[in-house]
Amino acid sequence: MIHSLFLINSSGDIFLEKHWKSVVSRSVCDYFFEAQERATEAENVPPVIPTPHHYLLSVYRHKIFFVAVIQTEVPPLFVIEFLHRVVDTFQDYFGVCSEPVIKDNVVVVYEVLEEMLDNGFPLATESNILKELIKPPTILRTVVNTITGSTNVGDQLPTGQLSVVPWRRTGVKYTNNEAYFDVIEEIDAIIDKSGSTITAEIQGVIDACVKLTGMPDLTLSFMNPRLLDDVSFHPCVRFKRWESERILSFIPPDGNFRLLSYHVSAQNLVAIPVYVKHNISFRDSSSLGRFEITVGPKQTMGKAIEGVIVTSQMPKGVLNMSLTPSQGVHTFDPVTKMLSWDVGKINPQKLPSLKGTMSLQAGASKPDENPTINLQFKIQQLAISGLKVNRLDMYGEKYKPFKGIKYMTKAGKFQVRT
Amino acid sequence: MTDSKYFTTTKKGEIFELKAELNSDKKEKKKEAVKKVIASMTVGKDVSALFPDVVNCMQTDNLELKKLVYLYLMNYAKSQPDMAIMAVNTFVKDCEDPNPLIRALAVRTMGCIRVDKITEYLCEPLRKCLKDEDPYVRKTAAVCVAKLHDINAQLVEDQGFLDTLKDLISDSNPMVVANAVAALSEIAESHPSSNLLDLNPQSINKLLTALNECTEWGQIFILDCLANYTPKDDREAQSICERVTPRLSHANSAVVLSAVKVLMKFMEMLSKDLDYYSTLLKKLAPPLVTLLSAEPELQYVALRNINLIVQKRPEILKHEMKVFFVKYNDPIYVKLEKLDIMIRLASQANIAQVLAELKEYATEVDVDFVRKAVRAIGRCAIKVEQSAERCVSTLLDLIQTKVNYVVQEAIVVIKDIFRKYPNKYESVIATLCENLDSLDEPEARAAMIWIVGEYAERIDNADELLESFLEGFHDESTQVQLQLLTAIVKLFLKKPTETQELVQQVLSLATQDSDNPDLRDRGYIYWRLLSTDPVAAKEVVLAEKPLISEETDLIEPTLLDELICYIGTLASVYHKPPSAFVEGGRGVVHKSLPPRTASSESTESPEAAPTGAPSAEQADVIPPQGDLLGDLLNLDLGPPVSGPPLATTSVQMGPVDLLGGGLDSLMGDESEGITGTNFTAPPAAVPATLGAPMGSGLNDLFDLNSGVGSLSGSYVAPKAVWLPAMKAKGLEISGTFTRQVGSITMDLQLTNKALQAMTDFAIQFNRNSFGLAPAAPLQVHAPLSPNQTVEISLPLSSVGSVMKMEPLNNLQVAVKNNIDVFYFSTLYSLHILFVEDGKMDRQMFLATWKDIPNENEAQFQIRDCPLNSEAVSTKLQSSNIFTVARRTVEGQDMLYQSLKLTNGIWVLAELRVQPGNPSLTDLELSLKCRAPEVSQHVHQAYETILKN
């Protein structure tokens with residue numbers, strides 16, 4: 001199982017190590033550093049690195065490498081999933097996951113890691129159980145602790161850990177009982193030069209924030225459950241009920257959680273809400289190139305497109321760009337060659353555009369590659385797949401909860417080739 | 001008020017300061033001090049000197065302080081074993097605490113203190129905790145057994161903890177079950193032989209129940225454990241699959257992949273006609289696709305596994321090509337894997353899309369990726385014949401971009417396309433030649449030179465082109481030099497008049513001025529060839545080449561099957577069996593897919609029918625052994641058989657005997673296959689025709705196999721007494737079988753131990769499995785006088801009448817002399833039946849191996865055979881077992897061998913040799929044959945050959 005964990009920052013310093021079995025010398029990370037050097041960019045460091053006696057599995061998040069050391073055959077996905085869970089837990093505890101924050105809370109981090117694994121076996125990874133065991137630091141609590149001498153370690157057995165609903169603690173009480181569900185869909189798409197869709201798929205999630213007293217039993221039904229043929233559920237969802245009735249039936253965890261994630265595959269027709277018209281041309285002889293892009297709405301079901309940001313990695317040969325946007329602000333970093341244009345909201349009457357020239361390296365031949373345009377946007381009140389929640393019912397408790405559903409569509413990896 | 005303050009004290013007296021604080025009376029100060037100590041520890045500072053002071057803080061009611069001290073103890077107990085004993089008492093006391101959290105914490109921490117002396121004290125508390133009333137304590141104790149086993153395995157066994165752990169599999173709490181399984185799996189990994197997790201339908205049922213209720217991590221442990229179980233029939237396999245399928249919708253990708261492993265493995269047992277089988281196939285696709293929307297690290301592992309799944313069951317993802325399209329900001333390791341899978345999924349239906357994508361990728365920034373994309377276009381051309389033309393034109397477009405590395409890659413793959421589709425796309429050669437000057441990588445230069453040499457007759461200035469390369473001959477890499485040498489020789493053979501000078505030049509460059517032995521030797525061979533017999537040279541150098549196929553980059557089927565059992569593990573990421581890389585190679589058990597079972601339904605399936613039905617018929621048709629003997633008695637022994645019975649007899653026998661009839665029908669389709677491919681595999685034949693004019697000296701150079709095989713002859717067993725004198729009125733017969741230069745002989749030694757002379761010898765065989773019969777009468781020239789011995793070689797033919805014997809290699813013989821008729825039976829080693837032309841072409845081998853159903857595969861071990869693969873090969877070759885291919889996987893040599901029996905049955909073998917490891921002298925042999933009955937006899941033949 002998982003032997004040790006090293007946290008490494010982007011400048012290559014190991015700033016935390018934790019061992020669950022015998023101590024593994026930190027020199028094992030040298031193999032990691034070698035791989036890091038070869039990879040040139042942090043994102044490209046391979047996630048599995050063999051060394052003579054160990055295997056290093058790493059994830060890269062928040063500019064920190066989380067490197068797990070294993071010695072025997074362990075499912076790598078198990079380790080990687082766990083590492084992501086560690087990051088999520090840190091984020092949950094401290095709000096952000098960064099080197100200074102981890103250093104500031106090193107003892108809590110250490111205690112949490114100790115609770116998460118025992119001898120390399122996962123012990124408690126549910127955030128609400130962990131929080132019962134080790135209280136997350138808050139300013140108030142720190143002050144109180146210093147005055148009263150109490151601790152941030154719970155001395156009660158985390159009850160949830162043994163119940164049949166380990167994700168929910170008992171004795172939850174709220175004065176305002178509320179349950180909010182956010183249906184968030186991200187479109188991953190590749191659009192080719194001519195504007196036709198090469199591939200498009202939707203990654204959807206339903207995130208919930210449930211603050212309900214006692215042991216509520218919820219059912220959530222959809223207008224069109226047939227859309228959901230590829231789903232992953234939170235463990236609280238009763239799978240049998242879904243199989244037979246296409247209804248989500250569950251006792252929710254307390255607080256924020258992801259109820260389900262789903263995938264609408266490329267085989268279904270996915271509506272593409274925006275289009276990009278582009279004209280980027282380099283000429284062989286001239287040291288100037290022309291650049292022009294326009295963004296416009298396509299299939300938006302009448303909703304407004306907001307938060308549009310266009311980014312593009314320009315070829316190395318581009319020295320600088322002189323552009324004028326019809327709206328929003330743009331920046332071009334001559335070092336990283338990254339063009340970024342914060343468009344904002346699209347007004348269908350007056351389409352935003354960005355026009356101008358690029359100055360190219362004099363004498364050099366025209367760049368081999370075409371820049372790809374990356375698009376971000378948001379559409380409120382719309383789930384692009386057409387998914388709609390029908391109703392939410394609560395059983396098991398007497399009070400009337402306040403219920404709310406929000407829809408949103410976002411761009412995931414939305415790329416337009418030029 | 002953050003923890004960073006604990007790092008600030010770095011002055012020299014730090015340790016003293018901490019010591020004072022630790023011994024302070026104030027609780028608060030103590031706790032702060034311990035926190036400082038822990039903080040120093042986490043960043044790797046040595047604070048072990050504070051051990052006694054920290055341990056003193058352990059006896060406290062404050063849970064946080066206790067936990068902190070425990071953290072410290074775990075880290076430093078190893079370096080201070082004597083001091084650690086001080087802590088034992090507190091642990092033992094804590095194990096009795098009314099609070100289960102404290103009990104669990106104590107037993108958990110104790111297990112982490114890796115000090116032998118402490119482990120003795122741990123046993124009693126652990127035993128209690130394993131039976132604790134609180135499941136939280138029990139599940140913690142279960143893991144503790146694994147920890148203890150890691151420190152002192154003997155102790156765990158002596159104390160009987162393993163049995164207690166096994167009992168916990170039936171615990172009422174699913175988490176306890178999951179942890180017990182996890183602990184047992186970890187222990188089992190270091191003891192592969194021990195039967196710790198012996199699973200039976202009852203325990204499987206328990207696990208499946210726990211699967212629904214335990215945490216995600218527990219589900220992974222249970223699923224991985226389930227994957228090791230072999231259901232007894234397809235019904236059981238199906239019911240397990242049904243209960244595992246819901247796990248495919250789990251949010252944790254590791255759970256999903258472990259479930260996929262179980263399903264992929266058990267699916268093997270399900271009949272393909274079953275509705276459930278196709279439902280299951282359909283259910284597998286969405287979760288695999290979903291894995292690709294996760295974080296890149298997860299994607300990578302998922303893609304490596306999908307790569308295996310696609311090779312094993314391409315039908316699952318055949319419609320999902322688009323999800324493997326590359327996004328420009330994917331990490332490079334994800335891009336490369338996606339590309340690989342795209343090629344595997346490429347088919348006529350989607351090739352247009354794939355090509356458009358690949359062309360797009362070829363204009364990206366990342367050089368490695370671009371190169372691989374260009375190669376991928378070439379692989380598509382080879383894989384999907386209909387697309388070849390489009391691929392070639394795409395490649396030409398790319399060459400027009402003049403991007404240096406794109407051009408070079410394109411030329412390398414076009415060479416492969418020429419190999420696959422000769423005489424089809426030569427029109428592009430002109431374009432290629434234009435780019436000759438821009439090639440600076442050896443592989444591209446070599447490819448270009450190969451093209452020029454191969455098509456020299458169509459390139460007007462081929463001689464000039466090659467000559468231009470010759471100028472810097474010594475600066476070229478070996479690859480290019482070798483290619484240049486061959487190309488110029490080809491050119492010379494095609495246009496001898498104009499290029500004599502050129503060929504002289506290159507031959508002298510290669511043989512006289514080069515210090516590379518490969519180059520020199522190749523130069524000499526060409527030189528001699530050209531000077532001895534130009535016609536033969538032409539036949540050799542310009543011989544028709546076997547076509548290449550896309551299979552070259554597939555994983556061997558046996559390895560693939562093994563890897564399918566390891567889905568989701570490191571093995572699946574590396575595409576190597578765990579034995580090839582797991583630390584210390586602790587005798588990893590090879591896993592294999594379960595065979596498809598023949599239960600009531602599957603016997604009706606068409607697949608099972610051909611093998612099942614005839615053997616059932618046979619049972620009635622073959623007369624019992626007793627009758628056979630009667631048959632033999634009725635033989636007319638008067639006139640000895642003067643020649644082999646006609647082949648037609650075996651046809652008449654058809655319905656009666658299994659090997660001749662039932663199996664013939666099986667053989668039918670195979671032999672068609674063989675003749676079909678014989679045309680495409682001429683190189684084996686070329687050296688043979690060459691042998692005559694060239695003299696036998698060169699023969700060895702070209703095909704060691706046929707040379708050695710035909711000259712030395714196969715292994716000969718020592719003579720054994722077949723018929724003792726007591727039983728045959730004084731005639732003692734001993735003998736053996738040999739095979740030499742294509743013919744089988746029976747070497748007999750007749751001794752007269754009677755008091756009278758013997759005359760009128762004759763011999764007759766009963767019908768036998770392989771149609772062995774005397775090819776000439778038994779000739780004993782003079783009467784055999786008392787105490788005299790004669791040696792006789794009796795040539796045998798293998799075209800006699802056929803009848804299946806039990807055992808297969810049984811031969812019943814009748815010998816007659818002037819005194820009486822005597823009967824005896826003997827067993828022959830099958831290797832005398834291995835024919836000289838039993839070498840299969842590589843491609844053919846691969847295709848046949850795949851084609852033979854897995855249930856026909858038989859596994860054997862050949863113990864104590866301390867030979868390396870070279871020696872093994874040579875030894876086997878002299879007995880007509882031919883090594884077709886050889887592969888080295890992390891210190892293990894895999895030899896792929898073929899042999900053919902006299903009746904045309906092919907046997908394919910995979911032999912695993914571990915030469916690097918003197919302690920592992922066992923060879924592993926897997927045999928595949930359409931007539932699985934022969935496998936065990938072939939194995940015996942292997943044993944005899946290798947051990948003598």
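None of these values were measured; they are calculated from a predicted model.
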Counting heavy-atom pairs under 4.5 angstrom with chain B, the leader among Glu43(A), Arg417(A), Gln313(A), Glu186(A) is Arg417(A)
Tell me every residue that passes side-chain contact (heavy atoms from CB on, under 4.5 Å) with Cys144(B), counting only those two or more places apart in sequence or in another chain.
Val107(B), Leu122(B), Leu126(B)
If one checks every heavy atom of Ile102(B) against chain A at 4.5 Å, the contacting part turns out to be neither
Go through the atoms of Val326(B) and report whether side chain, backbone, both or neither lie under 4.5 Å from a heavy atom of chain A.
backbone
Chain A heavy atoms under 4.5 Å from Val143(B): which part of the residue, side chain, backbone, both or neither?
both
Tyr70(B) versus chain A, heavy atoms under 4.5 Å apart: side chain, backbone, both or neither?
neither
Close aromatic pair by centroid cut-off 6.0 Å: Trp217(B) and Phe78(A)
yes
Need one label for Glu114(A): side chain, backbone, both or neither, based on atoms under 4.5 Å from any heavy atom in chain B.
both
Taking every heavy-atom pair that is under 4.5 Å apart, which of Ser258(B), Ser253(B), Ser293(B) has the most such pairs with chain A?
Ser253(B)
Does this structure show an ion pair linking Arg85(A) with Glu216(B), if we count only N-O contacts that are shorter than 4.0 Å?
yes
For chain A, which of Pro331(B), Ala254(B), Ser249(B), Ala356(B) has the most heavy-atom pairs under 4.5 Å?
Ser249(B)
If I measure from the heavy atoms of chain B, does Val45(A) come under 4.5 Å with its side chain, its backbone, both, or neither?
backbone
Quick check on Lys316(A) against chain B: is it the side chain, the backbone, both or neither that has a heavy atom closer than 4.5 Å?
side chain
Side chain from CB out, backbone as N, CA, C, O: work out which of these in Ile190(A) comes under 4.5 Å of a heavy atom of chain B, or both, or neither.
side chain
Side chain / backbone / both / neither for Ile198(A) at chain B, heavy atoms under 4.5 Å:
both
Walk me through it: do His263(A) and Glu201(A) pass the test side-chain hydrogen bond (donor to acceptor under 3.5 Å, both in side chains)?
CA-CA 7 Å; His263(A) 177 254; Glu201(A) 46 190 348; 2.8 Å; yes
Would you check if the distance from the ring center of Phe6(A) to the ring center of Phe65(A) is below 6.0 Å?
no
For the candidates Met321(B), Lys283(B), Glu360(B), which exhibits the highest count of non-hydrogen atom pairs separated by less than 4.5 Å from chain A?
Glu360(B)
What are the two closest heavy atoms between Pro76(A) and Thr569(B), and how far apart are they?
CD-C, 3.4 Å
Measuring heavy-atom distances to chain A, does Ile332(B) have an atom under 4.5 Å in its side chain, in its backbone, in both, or in neither?
both
Inspect the contact between Arg108(B) and Glu115(A) and indicate whether a charged nitrogen and a carboxylate oxygen are less than 4.0 angstrom apart.
yes
How about Phe233(A) and His250(B): are their ring centres within less than 6.0 Å of each other?
no
Identify the two heavy atoms, one from Glu186(B) and one from Ala146(B), that lie closest to each other, and give their separation to 0.1 Å.
OE1-CB, 3.9 Å
For the interface with chain A, which of Gln219(B), Arg304(B), Gln353(B), Glu295(B) has the highest count of heavy-atom pairs at distances below 4.5 Å?
Glu295(B)
Parallel, tilted or perpendicular: which describes the rings of Tyr55(A) and Tyr574(B), with under 30° parallel and over 60° perpendicular?
tilted
Toward chain B, the part of Thr372(A) with a non-hydrogen atom under 4.5 Å
both
Lys30(B): side-chain contact (heavy atoms from CB on, under 4.5 Å) partners, not counting sequence neighbours:
Cys57(B)
Run the salt-bridge test on Asp368(B) and Lys335(B) with the 4.0 Å N-O cut-off and return the result as yes or no.
no
If one checks every heavy atom of Pro296(B) against chain A at 4.5 Å, the contacting part turns out to be neither
Contacting moiety of Tyr262(A), where chain B heavy atoms sit under 4.5 Å
neither
Counting heavy-atom pairs under 4.5 Å with chain B, which one of Leu77(A), Val231(A), Asp192(A), Val23(A) comes out on top?
Leu77(A)
Where does Pro50(A) contact chain B at under 4.5 Å (heavy atoms): side chain, backbone, both or neither?
both
Checking Tyr328(B) against chain A: side chain, backbone, both or neither under 4.5 Å from a heavy atom?
both
Does any backbone or side-chain atom of Arg258(A) lie under 4.5 Å from a heavy atom of chain B? Answer side chain, backbone, both or neither.
neither
Tyr361(B), part contacting chain A, at a heavy-atom distance under 4.5 Å:
side chain
Give, as side chain, backbone, both or neither, the part of Asn329(B) having an atom under 4.5 angstrom from any heavy atom of chain A.
both
Tell me, out of Ala294(B), Ala251(B), Pro287(B), Ala183(B), who's got the most heavy-atom pairs with chain A below 4.5 Å.
Ala251(B)
Given Val67(A), Val79(A), Leu83(A), the one that forms side-chain contact (heavy atoms from CB on, under 4.5 Å) with Leu5(A)
Leu83(A)
Going by heavy atoms in the side chains, are Leu288(B) and Val260(B) under 4.5 Å from each other?
yes
Do Arg247(B) and Asn252(B) have side-chain N/O donor and acceptor atoms under 3.5 Å apart?
no
Which of His19(A), His84(A), Gln203(A), Glu41(A) touches chain B most, by non-hydrogen pairs under 4.5 Å:
His84(A)
